[in-house]
Amino acid sequence: MEEKLQQEPCRRKRRQPPQEEADTHVATRPFKPYRGIRMRKWGKWVAEIREPNKRSRLWLGSYTTAVAAARAYDTAVFYLRGSSARLNFPNLLFQEEGDRSAAAAAVDMPASLIREKAAEVGARVDALLARSAMPPSPSSLVIAAKPDLNQIPES
């Protein structure tokens, strides 16, 4: 009897989704331009990373641009995994040689310090991108000559 049970194949069929369901599932897949980031429903970009050999995640912050979130991720992943890390912007991580050697020596940094450094980089990039995208405001324009307040203005 046992031999008979082992020989019979399982006759249960797997349910196949209708074709239109499969097509909509692919269409609703979120677009992720960079590694380690995702977009919230209201348009903010967030960055987070898993700690090595742990199930916990490091929250790296919320940013207005995807580039700022990706740069924060790059900073954190470099501090966590060293020079073998897969980066979004490998040529932009550290511009100065002193920072590069300090980061290479600090692979065993605590998570709180990594989070702080990544948030600092992300905020700096976010501020630079926001400033370059905005048109100059009237208050930021430099007035060439001071007006004489004793004269009546000409119309």
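Taking every heavy atom of both residues into account, Ala118 and Ala76 meet most closely at CB-CB, 4.0 Å. Here the closest non-hydrogen pair linking Phe89 and Ala70 is CE1-CB, 3.7 Å. The minimum heavy-atom distance between Ala69 and Ala47, with the atom names listed, is O-CB, 3.5 Å. Of all heavy-atom pairs spanning Lys117 and Tyr79, the tightest one is CD-OH, 3.4 Å. Of all heavy-atom pairs between Arg57 and Arg50, the closest is NH2-NH2, 3.2 Å.
Atom CE of residue Met109 and atom CD of residue Glu116 lie 8.5 Å apart, to the nearest 0.5 angstrom. To the nearest 0.5 angstrom, Thr64 atom OG1 is 7.5 Å from Leu129 atom CG. Distance check, rounded to the nearest 0.5 Å: OG of Ser62 to CH2 of Trp42 gives 8.0 Å. Put simply, CG on Leu128 and OG1 on Thr65 are 10.0 Å apart, with the number rounded to the nearest 0.5 Å.
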**Study point:** Derivation and outcome, side chain to side chain contact (heavy atoms under 4.5 Å, CB included), residues Tyr34 and Trp45
**Key:** CA-CA 11 Å; Tyr34 301 108; Trp45 291 92; over 6 Å; no
Check your understanding: Given Tyr63 and Val46, is the side chain to side chain contact (heavy atoms under 4.5 Å, CB included) satisfied, shown in steps?
Key -> CA-CA 6 Å; Tyr63 305 97; Val46 297; over 6 Å; no
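Tested against Val77 for a side-chain contact (heavy atoms from CB on, under 4.5 Å), the candidates Leu58, Leu60, Asn88, Leu87 yield a single pass: Leu87.
Screening residues 33-46 for salt bridge (Lys or Arg N to Asp or Glu O under 4.0 Å), with sequence neighbours left out, gives Arg38-Glu48. Sorted pairs that involve residues 58-69 and meet salt bridge (Lys or Arg N to Asp or Glu O under 4.0 Å), not counting sequence neighbours, are lacking altogether.
Residues Leu113 and Leu80 are members of one and the same hydrophobic cluster, defined by side-chain heavy-atom contacts under 4.5 angstrom among Ile, Leu, Val, Met, Phe, Trp and Tyr.
Taking 4.5 Å as the limit, some side-chain heavy atom of Arg71 sits within range of a side-chain heavy atom of Val67.
Side chain of Asp126 to backbone of Ala68: no donor-acceptor contact under 3.5 angstrom is found.
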